[in-house]
Structure formats: C-alpha cells, structure tokens
Protein chains: 2
Amino acid sequence: MADFALTEQRLAVTCRRYPDFPRRLATLVRLIKHIHKQLHDEANLALKPYGINHPEYNLLMMLYGSANGTMSPSELADAAGEKSANITRLTNELCDKGLIDRSGSADDRRKIELSLTPQGEALLKNLLPDICALLARQGHHLTVSEQVQLEKLLKKFLGGLAD
Amino acid sequence: MADFALTEQRLAVTCRRYPDFPRRLATLVRLIKHIHKQLHDEANLALKPYGINHPEYNLLMMLYGSANGTMSPSELADAAGEKSANITRLTNELCDKGLIDRSGSADDRRKIELSLTPQGEALLKNLLPDICALLARQGHHLTVSEQVQLEKLLKKFLGGLAD
DNA sequence: TCTAAATAGTACATTTATATATTATATATA
DNA sequence: TATATATAATATATAAATGTACTATTTAGA
C-alpha cells in the first residue's frame, strides 16, 4: 500500500508554503482517493477469475438489486455512476458474454430494457461468496459501530456535495 | 446528484435475494465510489479554466508538497496513485505546457528528476484560491469535529486494506 | 571482475472512458 | 394538429489509462 504518512508529509509542506490551504479537507479528499483506488483494484483482482471487471460487476449488481429486474441504459448509467456512452459499450460486452439481455420497451419505444439472463444470475451466485468474503476482509478493521458512524459521516459528506 | 436513496433501495433488494450480502460494508464501498466521482468531476470543472485537469493538478501538487522540490517519475506515480506508464504521458504534457521540468539525475543515471517551473508555481498560486474555495464548499456540511472523526475512520479503513 | 538480477523509465499496442453529433421517439404548446 | 423542445440511445472520433515488452543503468553475487 502507498503509505499515507507520505501524503500527510506533503500536505504539511504545502500548508507551510500556502498557509490558507485547507489541510483537513484536503486530507479527506486524498483519503477518499486512496481508498477508492484500493477498493477498485482489489475488486478487479477478485473478479478476474470470473471473466468480468469491476464496472461490469457493478452493472450486474445494479440489475440484481433492481425492483423488477429491468433497468434502462440511462437508469443504469445513473446508478453505476457511468456516462451513458460508456454504458452502451459495457452492456454490449455483457450481451456478447450472454450475461444480460436487451429488449425494446413497449410503452416508450425510445427506451431499452436490460435484464440479467439466467447465465448472468448464475454467474453472480457463483462469485458472490468471493465478493462477500472480500468485503468482509476489507472492513475487518472496523467495528460495527465504527462502520455505522463512518456511513453516517460519509452520507453527510455526500449530501453536501450536491449543492 | 445521483440520489443515494436509490442505491440503498437496491441494496435492500439485493439482501432480500442474497441474505449473506454484507449490506453495511457494501454501502460504505458505494458511498466511497459516489463521493470520489463527485469530487473528481467537481475538481475537473474548477480546473478547466486553468487549462489542466484533475490528474495533472494532482501531479503539480505532489511536486509542490515535496520536501526538496523534485520527485522522480516513480515517486510521483506512487504519490498520485497513477501507473508509471501513465506518468510518462502526463509529465510529457506538463512539460509541453511548460509547467514542469525534466532533468537527468546525477547520482543515478536511470533516474529523472521532475520539478515545477516558475510558470508551474505561478499557475498553482493562481488557481489555489479557487481550489481552496471548492474544498471549503465541499466540506461545509461537516463540522470540524465531524471532519476529524471522518478522517480518523477513513485512516483506519485504509489501514485495513493493505493486508 | 564478470555475470545475473533488479530497478527506472519509456514505447507501443490495447483497453477503457469521454465528448459530440445523430437518429428516433415522445411531450408540450401555439 | 403542427411545430418546437426534450428525452433515450447509440455511433463515431478522441482522449485517457493500462499491460507488456524493451533499453539503459545499477546492484548483488559468483
């Protein structure tokens, strides 16, 4: 892991050179970046044996968690935090792999409905034990109450970003 | 902003379908992803008028915060969380823009030393007020004590990811 | 000293992501 | 109804990031 102490050292130098620099907030931003990168890399590694990568897994899980089993490309884009143009490519690949299905919507013919195929569901059921284990391992340093607290603070942080 | 409530709804469905799914940790991971994306996008937007993007800004700030004003490409890669091959491209561009300087190291001729040019420093001093304002705005929902608490928890979380 | 292994950086090919423009359909309003 | 505007999805071109292989130099060990 990239030692975060070095980052803090750099922030100290930065504040010495530019005293107005908001050190605490900058620290938070860099922590988020480091954590995100680490989570992304570890997920990719865990998913490789199953032939998909992290963004693809995310799309599958969005569908798995949808209320009625289908989502439009733009809903998927919003849910997964991907640009809609990227969704076209990713869903193409997932279709090619036989993991999801495309079909035109009846009530709005501009829309497309995406859904998991039986193979897609089977793949998820296959890999979820590994992913659950990964998540458990990634969080094992935190007590439940710390997780709750962290969730609360992150939600508040995210809430403030919209304005 | 993508409403996080929808994400929570999807997680609820997921847990109903797959009860072993570690909902709390998955929530944390998705929060980190959402926040990271938002921070990244907002930074890019703020930096656009200055002719650089977020990754380029990060590299400049790593150099700005370095102890002696120089870093090697691999140190930069480590600090900024970029792959070394990507650093070559990014530093090429920053050189072309006249914002950083490349020079061979005297004691190890495999190494390259990168440093900010006067123009690079000037650009940073120019844009830092905007960036500081952005950071302040992004964190304005959090009290100082919440920021401290969040930093503590994120550090603990990051620490557990290395193992 | 000589050779093998390790390290630093980059070039090139490939993959992944984004921005912009285009097509088709739906909605609102004159 | 007719026309303008908005929305959904994608195609295409461009940009950004990654993986792999390669060169040059240094370090370690026979």
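Each chain gets a letter, A, B and so on, in the order its sequence line appears, and its residues count up from 1.
The salt bridge (charged side-chain N to carboxylate O under 4.0 Å, His left out) test applied to B/R110 returns B/D108, not counting sequence neighbours.
Using a 4.0 Å cut-off between charged nitrogen and carboxylate oxygen, B/E8 and A/K155 count as a salt-bridge pair. Using a cut-off of 4.0 Å between Lys/Arg side-chain N and Asp/Glu carboxylate O, A/R24 and B/E151 are scored as not salt-bridged.
What separates NZ of B/K83 from C1' of D/dA16 is a distance of 13 Å, to the nearest Å. Summarising the geometry, the separation between CG on A/L76 and P on D/dT10 is reported as 11 Å, rounded to the nearest angstrom. For the pair B/L90 CG and C/dG9 P, the interatomic distance rounds to 15 Å; values are reported in whole Å. If you measure from atom CG of A/D78 to atom C1' of D/dT7, you get 14 Å, rounded to the nearest angstrom. Distance A/R89 CZ to C/dT18 P: 9 Å, rounded to the nearest Å. Across the protein-nucleic acid pair, A/K37 atom NZ and D/dA16 atom C1' stand 15 Å apart, rounded to whole Å. Whole-Å rounding puts the A/E82 CD to D/dA17 C1' distance at 14 Å. Between B/N86 atom CG and C/dT16 atom P the separation is 15 Å, expressed in whole Å.
Under the 4.5 Å side-chain criterion, counting only non-hydrogen atoms from C-beta, A/P22 is in contact with B/C132. With a 4.5 Å cut-off on side-chain heavy atoms, B/L63 and B/L59 do not count as touching.
Applying the Watson-Crick and G-U wobble criteria (two distances, each under 3.5 Å), C/dA30 pairs with D/dT1.
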Interface polar pairs with nucleotides 25-27 of chain D, N/O, under 3.5 angstrom:
| from | atom 1 | to | atom 2 | distance (Å) |
| --- | --- | --- | --- | --- |
| D/dT25 | O2 | B/R110 | NH1 | 3.4 |
| D/dT26 | OP1 | B/R109 | N | 3.1 |

What N/O pairs connect the protein and nucleotides 10-12 of chain C at under 3.5 Å? Give each pair on its own line.
| from | atom 1 | to | atom 2 | distance (Å) |
| --- | --- | --- | --- | --- |
| C/dT10 | OP1 | B/R102 | NE | 3.2 |
| C/dT10 | OP2 | B/T88 | OG1 | 3.4 |

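Residue pairs satisfying the side chain to side chain donor-acceptor pair (under 3.5 Å) criterion with at least one member in residues 116-136 of chain A, sequence neighbours excluded, are listed as follows: A/Y50-A/D130, A/E121-B/R17.
Hydrophobic side-chain contacts under 4.5 Å tie B/V144 into a cluster, directly or through other members, with B/V148.
Residues from residues 51-71 of chain A with heavy atoms under 4.0 angstrom of DNA chain D: there are none.
For B/H141 and A/F157, the ring centers sit 6.0 Å or farther from each other.
Using a 3.5 Å distance cut-off with no hydrogens or angles, the side chains of B/R89 and B/N86 do pair a donor with an acceptor.
In terms of modelled atom types and a separation under 3.5 Å, the side chain of B/N44 and the main chain of B/H54 share a donor-acceptor contact.
Toward the 5' end of DNA chain D, the nearer of the two residues A/K48 and A/S72, judged by each one's closest nucleotide, is A/S72. Comparing B/S74 and B/D41 by the nucleotide of DNA chain C that holds the closest heavy atom to each, the one mapping nearer the 5' end is B/S74.
Distance check: B/I112 CD1 to B/T70 OG1 gives 11.5 Å after rounding to the nearest 0.5 Å.
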